[in-house]
Q: 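Sharing a structure below in structure tokens format, with a few things to ask.
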Amino acid sequence: MRTHYCGQVTETAVGTDVTVCGWVHRRRDHGGVIFVDLRDREGLLQVVFDPDRAEIFAQAERLRSEFVIQVTGRVRPRPEGTMNANLPTGKVEVLAHALVVHNRAEPPPFQLDDPDVGEDTRLKYRYIDLRRPQMQENLRFRHRVIQHIHRYMDEQGFVEVETPILTRATPEGARDYLVPSRTQPGHFFALPQSPQLFKQLLMVGGLDRYYQIARCFRDEDLRADRQPEFTQLDVETSFLTQDEVMDIMEELFRRLFQEVMHVELPSPLPRMGYAEAMARFGSDKPDLRNPLVLVDIKDLVADSEFKVFAHPAQDPASRVTVLRVPSGATISRSTIDGYTQFVARYGARGLAWIKVNDVAAGRDGLQSPIVKNLSDAALAGILERTHAANGDLLFFGADRATVVSAALGALRLKLAADLDLNRKEWQALWVVDWPMFEFDDKEKRWVALHHPFTMPRVNSADELAGDPANVLSSGYDLVLNGIEVGGGSVRIHHQDIQQAVFRLLGIGLEEAQEKFGFLLEALRAGAPPHAGMALGLDRLIMLMVGAESIREVIAFPKTQTAQDPMTGAPGTVDARQLRELSIRSTAVSKAAANVSG
RNA sequence: GGAGCGGUAGCUCAGCUGGUUAGAGUAUCGGCCUGUCACGCCGAGGGUCGCGGGUUCGAGUCCCGUCCGCUCCGCCA
């Protein structure tokens, strides 16, 4: 049907006849001559309709935006002074000899070159939105990344295996998406939160090296970087140590950046312990582009008269921490009030601050509502430890450690965004030495920080129960520019340790047998030591293309209420379908109660 | 479950302390135009002010509820 993509018709084609197909991007009708910018996935090409050819000129007058046409014509250089330097095809044009209108089109609901169209409109008409060059580029970039992954994994001896989408619900972890069984009334499949157990069983099955570009499903609330279905590069290996697995994945990561981004990442990537990440950055996924760091001052204020500081300083579960903002003294009171409200979201009950006007002047050089409460020694210690300089602003957090880390960790990110402090570079690192368990205060029970199949760093099952809070796991997370893009661990391959972990998580023998019996049996069937990882491809590609949301790199994403404005999913089904599935809905129809706009 | 911001023409938005006929840009439609490329010029049409209720002589504007979109907290092993 065509000889060239529009975007590929350049000077080399001058003098030849070409046939191109595409969409009418824009029509400029000068009465006596008509220009059409014809668009396909490779770019734009100017087509000229001349009144000398009366018949197709008349046809061209009836062309409208987004009509699908086919043009045959002679490529010729544009007249002197009419070249368009902004287009790769800008030195040439095609004089139309023949025109076929393959399809007319309604005027599009939005203009393709309008950068400010609302996302709900874009998603409702995603098939039009996808025509925009940015979306085309995002999806093709994604394709290139995945092609590189396939090539690398194959080179490294990995075998791509598909695992079930219909599987069973498991306790722990995210809320499951359920699929009712018709043949087993009252029973449900669950969509996999990840292929975790299957890939472990593939190791027991002797595959040795498995990978899959796997869709995962989690029925939790959405964020800019979270969709209910998302894609992971899922990997599992046998007989490799933690470091060996990390090396393989790190090399993939580095090569992706080299080959797709032309960016050199350091080798090896830096590694940081979870404890250090929380202490210095208030986060388990620190953004190392950000120069701000948290500095603990517990010891400096422990015997202070100032109870707001002294009390947490004496509590082992709390921390007292300073965030120094270089040149931050120019930040206004109202802006600081805004930051106070900001940290309140994370549970902080206040945000103390000191403006450092003159370090040499000691107490008199400091401007703050709290200096009067602090001793000269404490103030001097704080200035010294934070390396405060004239013109700096110090923010303080004093509370339970989880609150301080969350609040000041978030404030650190917000300040960097507001003051444009982040270095323009790529900062990848591993976060290692994670705690195995965390105590959930609300549910009053231990939960696995990574997942329950992660190998705890203990010598025996008995060691676990003694001091769960201080058991480390062999988990590792890959963090890029402050976003978790992957994580993995060495897995438990002994049945007794797996049982002990279940027991600690409050999963009794019977429940473990019912829900994980197949895993426990497999671990008794000659399970090799194994370890693996998953890379979140949507997030990684979002970062690589510089998008603000994962939705920009997914062809048909869902909105924050997990709906698809285009298909209307999720939708209702008729009563017969429900009956076949032995299901009755208790929901009151939204449509009956309210028609939304 | 919670917080914030938003919802007015196809799209992007303005609309003050409530007040006559709700505006702009763009898109669309018609006319003119032979070198434009966001073509230009002239003209026209286009509104359930998300939805429901309330206050008021009077509501796009105020109040309550609700739905939708986005960001975030919780949640996401």
Side-chain angles (χ1 to χ4, degrees), chain A residues 25-38 44-52 57 64-66 78-87 89-90 93 106-125 128 170-176 193-194 196 216-228 230 338 341-348 406-407 410 413-414 434 436-438 440 442-443 446-454 473 475 484 487 489 501 505 507 536 548-549 551 558-561 563 565 590-591 593-597:
Chain A
H25 187 66
R26 205 176 281 283
R27 185 182 62 116
R28 291 178 294 280
D29 184 347
H30 287 247
V33 62
I34 296 172
F35 300 100
V36 164
D37 290 334
L38 191 61
L44 292 173
L45 175 64
Q46 176 161 286
V47 177
V48 184
F49 293 92
D50 190 283
D52 294 349
F57 188 82
R64 294 294 180 271
S65 284
E66 301 306 307
R78 294 196 189 184
E80 205 55 47
T82 66
M83 296 181 182
N84 186 342
N86 298 322
L87 288 180
T89 62
E93 62 190 12
E106 294 293 316
F110 54 87
Q111 286 157 267
L112 271 73
D113 49 8
D114 182 348
D116 292 321
V117 182
E119 201 174 349
D120 44 350
T121 308
R122 290 175 53 204
L123 290 184
K124 183 167 183 185
Y125 305 98
I128 295 171
T170 53
E172 299 287 309
R175 191 177 296 112
D176 287 310
Q193 296 176 30
S194 84
Q196 181 61 34
C216 306
F217 305 86
R218 295 177 191 175
D219 186 5
E220 296 292 351
D221 288 337
L222 282 66
R223 290 284 192 283
D225 63 354
R226 271 161 42 185
Q227 282 274 303
F230 59 99
Q341 283 179 23
F342 175 78
V343 296
R345 300 213 287 249
Y346 301 86
L413 299 183
K414 179 150 180 66
W434 291 69
M436 179 74 196
F437 305 103
E438 197 175 44
D440 185 324
K442 271 181 239 148
E443 300 203 19
W446 292 98
V447 294
L449 210 64
H450 196 63
H451 60 53
F453 316 106
T454 300
S473 82
E484 178 199 337
S489 62
V501 170
L505 295 175
I507 302 171
E548 295 288 329
S549 139
R551 296 183 297 274
K558 290 175 181 59
T559 65
Q560 199 158 44
T561 51
Q563 303 180 73
K590 265 187 199 173
N594 195 306
V595 180
S596 68

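It should be emphasised that the depicted structure is a prediction, and the values quoted were computed from it without experimental measurement. Chain letters run A, B, ... following the sequence lines, proteins first, then strands; residues in each count from 1.
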Q: Look at the side chain of A:Gln193 and the backbone N and O of A:Ala174, then say whether any donor-acceptor pair between them is shorter than 3.5 Å.
A: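 Answer holds: yes.
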Q: Give A:Met436 one of three labels, base, sugar-phosphate or nothing, depending on what nucleic acid heavy atoms sit under 4.0 Å from its own.
A: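 Here A:Met436 touches no strand at all.
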Q: Using a 4.0 Å heavy-atom cut-off across all strands, classify A:Val117 as base, sugar-phosphate, or nothing.
A: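 Sugar-phosphate: the residue A:Val117, judged by heavy atoms under 4.0 Å, touches backbone atoms but no base.
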Q: Look at the side chain of A:Arg78 against the base of B:rC37 and say whether a donor-acceptor pair falls under 3.5 Å; ignore hydrogens and angles.
A: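 Result: at least one qualifying N/O pair found.
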Q: Please report, rounded to the nearest Å, how far the P atom of B:rG6 is from the CD atom of A:Glu119.
A: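 Nearest whole value for this atom pair: 18 Å.
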Q: Kindly say if A:Arg223 contacts the phosphate of B:rC73, meaning a side-chain N or O under 4.0 Å from OP1 or OP2.
A: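 Affirmative; the distance criterion is met.
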Q: Polar atom pairs between nucleotides 31-33 of chain B and protein, under 3.5 Å, N or O only, would you list them?
A:
residue: B:rC33; atom: N3; partner: A:Asp29; partner atom: O; Å: 3.0
residue: B:rC33; atom: N3; partner: A:Gly31; partner atom: N; Å: 3.3
residue: B:rC33; atom: N4; partner: A:Asp29; partner atom: OD1; Å: 3.4

Q: Under 4.0 Å: is that the gap between some side-chain N or O of A:Thr559 and OP1 or OP2 of B:rG69?
A: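 So the side-chain polar atoms of A:Thr559 do come within 4.0 Å of the phosphate oxygens OP1 or OP2 of B:rG69, strictly under.
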Q: Kindly point out which of B:rC76, B:rU28, B:rC37 is positioned nearest to the side chain of A:Ser65?
A: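 Looking only at heavy atoms from C-beta outward on A:Ser65, the closest nucleotide is B:rU28.
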Q: Just call it for A:Pro565: base, sugar-phosphate, or nothing, with non-hydrogen atoms closer than 4.0 Å on any strand.
A: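 No contact.
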Q: Considering every strand and a 4.0 Å limit on heavy-atom distances, what is the contact class for A:Gln227: base, sugar-phosphate, or nothing?
A: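 Counting heavy atoms under 4.0 Å across all strands, no contact is made by A:Gln227.
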Q: Look at all strands and tell whether A:Asp221 reaches a base, only sugar-phosphate, or nothing, counting heavy atoms closer than 4.0 Å.
A: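 Counting heavy atoms under 4.0 Å across all strands, the contact made by A:Asp221 includes a base.
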Q: B:rC68 phosphate, OP1 or OP2: any side-chain N/O from A:Gln563 under 4.0 angstrom?
A: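 For A:Gln563, the contact criterion (side-chain N or O under 4.0 Å from OP1 or OP2 of B:rC68) is met.
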Q: Answer with base, sugar-phosphate or nothing: what part of the nucleic acid does A:Leu449 contact at a heavy-atom distance below 4.0 Å?
A: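 Sugar-phosphate only.
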Q: Has A:Arg26 got a side-chain N or O lying under 4.0 Å from the OP1 or OP2 atom of B:rU36?
A: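 No, outside the criterion.
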Q: Do the side-chain N or O atoms of A:Gln560 get closer than 4.0 angstrom to the phosphate oxygens (OP1, OP2) of B:rU71?
A: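 For A:Gln560, the contact criterion (side-chain N or O under 4.0 Å from OP1 or OP2 of B:rU71) is met.
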Q: Which nucleotide wins on minimum distance to the side chain of A:Pro107, given the candidates B:rU36, B:rC72, B:rU28?
A: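 Within the option list, the nearest is B:rU28.
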Q: Taking any heavy-atom pair under 4.0 Å as a contact, classify A:Lys442: base, sugar-phosphate, or nothing.
A: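 Sugar-phosphate contact only.
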Q: Going by side-chain contact (heavy atoms from CB on, under 4.5 Å), name the residues that satisfy it together with A:Val33, two or more places apart in sequence or in a different chain.
A: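 Testing A:Val33 for side-chain contact (heavy atoms from CB on, under 4.5 Å), a comparison that skips the adjacent residues, returns A:His30, A:Phe35, A:Val48.
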Q: Heavy atoms under 4.0 Å, any strand shown: does A:Ser194 hit a base, just sugar-phosphate, or nothing?
A: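 The answer is base, as A:Ser194 lies within the cut-off (heavy atoms under 4.0 Å) of a base atom.
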Q: Contact class for A:Asn84 (heavy atom, under 4.0 Å): base, sugar-phosphate, or nothing?
A: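 Base: the residue A:Asn84, judged by heavy atoms under 4.0 Å, touches a nucleobase.
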Q: Measure distances between side-chain N and O atoms of A:Asp120 and base N and O atoms of B:rG7, and say whether any donor-acceptor pair falls under 3.5 Å.
A: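 There is none.
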Q: Within the pair A:Thr82 and B:rC37, is there a side-chain N or O less than 4.0 Å away from OP1 or OP2?
A: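 Checking B:rC37 against A:Thr82, no side-chain N or O comes under 4.0 Å of OP1 or OP2.
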Q: Across the strands shown, which category fits A:Gly347 at heavy-atom distances under 4.0 angstrom: base, sugar-phosphate, nothing?
A: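 The answer is nothing, as A:Gly347 stays clear of every strand by at least 4.0 Å.
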Q: Need one value for A:Arg345: base, sugar-phosphate or nothing, where a base atom within 4.0 Å counts as base even if backbone is also close, heavy atoms only.
A: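 It contacts sugar-phosphate atoms only.
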Q: Select base, sugar-phosphate, or nothing to describe what A:Arg27 touches, counting heavy atoms under 4.0 Å on all strands.
A: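 Nothing: the residue A:Arg27, judged by heavy atoms under 4.0 Å, touches no strand.
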